[in-house]
Amino acid sequence: MKKGLAASDGIGIGKTFRADSHLNNTVEYIVGDIDKEIARFEQAVASFVTDTEKKIERVKTNNAPEQANLQADVLSGRIVMISDPYLIGEVTNAIKSGQSALIAVQKALEVFEKMFASSDDPYMAERAADVRELSQAIVNKLKGIQEPDLSNLPNGTVLVAYEITASMLADIAGSDSVVALLGTIGGFTSHCSILARNMGLPAVFEIELDDIKDGTTVIVDGGKGEVFLSPDKKNVETYTAQYNAKLELEKKMQAYKSKPTTLKSGEHTHVYCNIGNTSDAKAAFESSAEGVGLFRTEFLYMQYTTAPSEEMQFLAYKTAATSLNGLPVIIRTLDVGGDKDIPYLNLPKEENPFLGFRAIRYCLTRTDIFEVQIRAILRASAFGKIKIMLPMISDVSEVRKSKILIEKVKKDLDKDKIEYDKNIQVGIMTETAASALIADVLAKEVDFFSIGTNDLTQYVMSADRGNADVAHLCSVFYPAVLRAIKSIILAAKKAKIEVAMCGEAAADQLMLPLLLSWGLDEFSVGAKSVLKVRAGIAQWDKVETDKVEKHAMGLATTDEIKDYLKSVVKVLG
């Protein structure tokens with residue numbers, strides 16, 4: 001049995017097919033005719049764009065809307081990046097200086113790959129795979145290498161490759177032939193993993209593939225990250241039974257689709273979605289989420305080599321708002337810095353960027369960038385129920401300065417006779433220790449809170465969540481973190497403003513009784529967790545949650561708290 005990363009839940013049993021991407025073994029050569037070399041590059045780009053557009057049409061034709069939208073957005077992102085005028089200019093200038101198109105493309109895209117890879121945020125770091133795939137695709141075009149045809153694979157295929165790509169998944173769109181994915185490269189928040197979960201394909205990554213040959217029978221347990229090579233009859237029977245049980249549970253979860261989020265005792269709360277792009281917004285609506293609790297706008301900025309224009313941002317925010325069909329969409333303003341370094345913003349290098357010049361601190365000094373984003377958000381608010389959320393607030397003055405700027409932009413829009421929601425709500429991310437300590441004061445200044453548990457945990461515990469040596473301290477179940485969360489929620493309740501949670505803890509079944517007892521208004525999670533969280537909430541009675549909360553908050557250590565919550569957690573299904 002092999003153990004790897006559990007990237008996408010589910011069980012797949014079938015025979016392997018190796019579809020390894022051609023590894024980059026580019027050899028430099030002397031360019032003879034510069035004009036011909038530039039033409040080669042332009043032809044490679046044009047061919048890639050044409051092929052990718054065909055793949056987009058294929059996924060739209062063969063997939064359900066939720067799957068098609070996400071895949072199409074990922075593939076379209078490749079076209080946007082390779083067609084960027086700045087990137088084209090960089091490659092062309094490098095060729096003019098004597099570099100081959102092969103090396104020029106790789107070096108130009110390597111800047112973006114390193115930008116993403118250096119991030120401590122897993123979602124950001126794994127965008128490096130998208131850039132790497134794009135670079136390899138253009139290099140293959142320049143070399144005349146054809147990608148393997150995956151459109152006619154036999155039923156019961158387990159697709160195996162060193163790095164499963166979005167392009168490969170587009171090739172199998174609409175087909176039931178592939179039952180699981182195996183790869184060496186790919187993390188839980190990589191686009192490949194997200195697409196796999198979206199397509200319902202079990203996937204295990206971060207495993208060695210050298211001894212897995214074509215035609216090997218394997219069992220893939222995407223929930224546990226386990227792969228069984230040439231399994232015996234007993235194993236096949238065991239996992240087939242587990243697979244059938246999972247299908248039965250998923251059917252039961254469907255009973256919670258488009259239903260209100262309600263405790264057994266009748267109290268109402270809401271389940272929202274976290275998104276990073278417009279296709280995520282469509283998936284959120286189709287998952288029956290009751291709104292978007294966090295639109296991470298930094299991903300828009302990371303798609304380009306220069307800051308996205310007001311019009312680009314307006315169209316993205318408008319699309320998200322209209323996709324939610326009148327449901328709330330909370331847009332977080334640019335959260336850059338820390339683990340999110342964007343080269344063209346020229347952020348200073350810092351010894352401790354998490355405690356440095358980031359998020360609202362950056363935006364309030366770069367009002368030229370901040371005003372463009374606020375203007376785009378306000379314009380989009382005419383097309384849906386949009387709210388503005390300010391990240392990493394530590395002081396009341398940051399809120400007040402931001403609100404002054406928002407009012408200034410409103411006046412500019414009034415002068416231009418452009419419509420917007422004049423009563424748009426403004427809230428904050430409560431994710432610093434300071435915001436937890438003055439939550440009662442901040443609650444008087446804003447319309448809502450949203451708790452970002454990942455950052456809140458690292459700031460309360462004084463432990464960098466990207467540092468493996470102190471990773472054990474980055475648990476939301478530490479008493480200090482739980483007390484911080486409780487104080488934020490109770491401060492919001494006292495001020496009669498809404499309070500949400502958009503960190504990972506919102507989807508944790510162990511956290512549900514505590515959050516429900518404190519009165520959390522909104523749980524913002526990934527689209528695939530919506531029904532599971534709604535179902536989990538439905539298992540609890542308010543009296544029960546209060547009893548659990550009282551006992552848990554009287555315990556002294558994170559282990560004691562987790563062990564107790566595990567003993568009382570409600571089993572779904």
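The chain is numbered in sequence order, starting from 1. Side-chain atoms are counted along with the backbone in the values below, which use heavy atoms only and exclude waters and symmetry mates.
Of the N and O atoms on the side chains of H270 and T261, not one donor lies less than 3.5 Å from an acceptor on the other residue. Residues D559 and T557 bring no donor and acceptor atom of their side chains to less than 3.5 Å of each other. Looking at Q313 and Y301, their side chains do bring a donor and an acceptor atom within 3.5 Å of each other.
A salt bridge does not link R379 with E419: every distance from a Lys NZ or Arg NE/NH1/NH2 to an Asp or Glu carboxylate oxygen is 4.0 Å or more. Look at R361 and D395 and you find no salt bridge, because none of the NZ, NE, NH1 or NH2 atoms lies under 4.0 Å from a carboxylate O. The residues K542 and D546 are annotated as salt-bridged, a charged nitrogen and a carboxylate oxygen being separated by less than 4.0 angstrom. One finds a salt bridge joining E498 and K387 here, because a Lys/Arg side-chain nitrogen approaches an Asp/Glu carboxylate oxygen to under 4.0 Å. Checked for salt-bridge contact, K408 and D412 meet the test: a charged N lies under 4.0 Å from a carboxylate O. Salt-bridge formation is not detected for the pair E371/R375: no Lys NZ or Arg NE/NH1/NH2 atom is positioned less than 4.0 Å from an Asp or Glu carboxylate oxygen. The pair R296-D335 does not meet the salt-bridge criterion, since no charged nitrogen lies less than 4.0 angstrom from a carboxylate oxygen.
For N274 (side chain) and G526 (main-chain N/O), no donor-acceptor pair under 3.5 Å exists by modelled atom type. The backbone N or O of K532 lies less than 3.5 Å from a partner atom in the side chain of Q509, making a donor-acceptor pair. Although no hydrogens or angles enter the test, the distance criterion places no donor-acceptor pair under 3.5 Å between the side chain of Q458 and the main chain of N454. Judged purely by atom type and a 3.5 angstrom limit, E431 uses its side chain to pair as donor or acceptor with the backbone of M392. Formation of a donor-acceptor pair under 3.5 Å by the K494 side chain with backbone atoms of I489 is not found in this model.
For the pair A321 and G384, the tightest heavy-atom approach, listed with the atom from each and the gap, is CB-CA, 4.0 Å. The two residues G276 and F299 make their nearest non-hydrogen contact at CA-CD1, 3.4 Å. For the pair D469 and H472, the tightest heavy-atom approach, listed with the atom from each and the gap, is O-CE1, 3.5 Å. The shortest non-hydrogen separation linking A527 to A283 is CB-O, 4.1 Å. Of all the heavy atoms in A380 and K318, the pair that sits closest is CB-N, 3.6 Å. Heavy atoms only, all atoms of each residue included: A7 and S193 are closest at CB-OG, 3.4 Å.
Separation of atoms OG (S381) and CD1 (I386) is listed at 6.0 Å; rounding is to 0.5 Å. The structure places CZ of F449 at 11.0 Å from CG of D447, a figure rounded to the nearest 0.5 Å. For the atom pair CE of M511 and OG1 of T453, the computed distance is 7.5 Å after rounding to the nearest 0.5 Å. Annotation: the span from D521 atom CG to H268 atom NE2 amounts to 13.0 Å, rounded to 0.5 Å. Interatomic distance, N277 CG to T319 OG1, rounded to the nearest 0.5 Å: 11.0 Å. Distance check: I537 CD1 to T269 OG1 gives 5.5 Å after rounding to the nearest 0.5 Å.
The side-chain hydrogen bond (donor to acceptor under 3.5 Å, both in side chains) check on K385 picks up nothing, with sequence neighbours excluded. Checked against side chain to side chain contact (heavy atoms under 4.5 Å, CB included), Y564 has the following partners two or more places apart in sequence or in another chain: V548, H551, A552, L555, S567, V568. Take A500 and apply the side chain to side chain contact (heavy atoms under 4.5 Å, CB included) test, not counting sequence neighbours, and it matches S450, E522.
Put simply, the side chain of R366 does not reach to within 4.5 Å of the side chain of L334, judged on heavy atoms. Looking only at side-chain heavy atoms (C-beta outward), T430 and L456 stay at 4.5 Å or farther from each other. Side-chain contact between M312 and L300 is absent, with no heavy atoms from C-beta onward closer than 4.5 Å. At least one side-chain heavy atom of F285 sits less than 4.5 Å from a side-chain heavy atom of N325. When side chains are defined from C-beta on, I485 counts as touching W518, because their heavy atoms get closer than 4.5 Å. A 4.5 Å side-chain heavy-atom check between L364 and S402 finds at least one atom pair inside the cut-off. The shortest side-chain heavy-atom distance between R332 and C502 does not fall under the 4.5 Å cut-off. The closest side-chain heavy-atom distance from K422 to K410 is not below 4.5 Å.
Taking the six-membered ring for Trp and the full ring otherwise, F383 and Y317 have centroids separated by 6.0 Å or more.
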>> Under the criterion side-chain hydrogen bond (donor to acceptor under 3.5 Å, both in side chains), I'd like the reasoning laid out for S288 against R534: C-alpha separation, chi angles, the key distance, then a yes or no.
In response: CA-CA 10 Å; S288 84; R534 184 172 292 147; 2.8 Å; yes
>> Let's go through K547 and E544 carefully: what are the C-alpha distance in whole Å and the side-chain angles of both, what is the deciding distance for salt bridge (Lys or Arg N to Asp or Glu O under 4.0 Å) to 0.1 Å, and is it a yes or a no?
In response: CA-CA 5 Å; K547 182 179 178 181; E544 290 178 316; over 6 Å; no
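Under a cutoff of 6.0 Å and an axis angle of 45°, K570 and W540 form a cation-pi pair.
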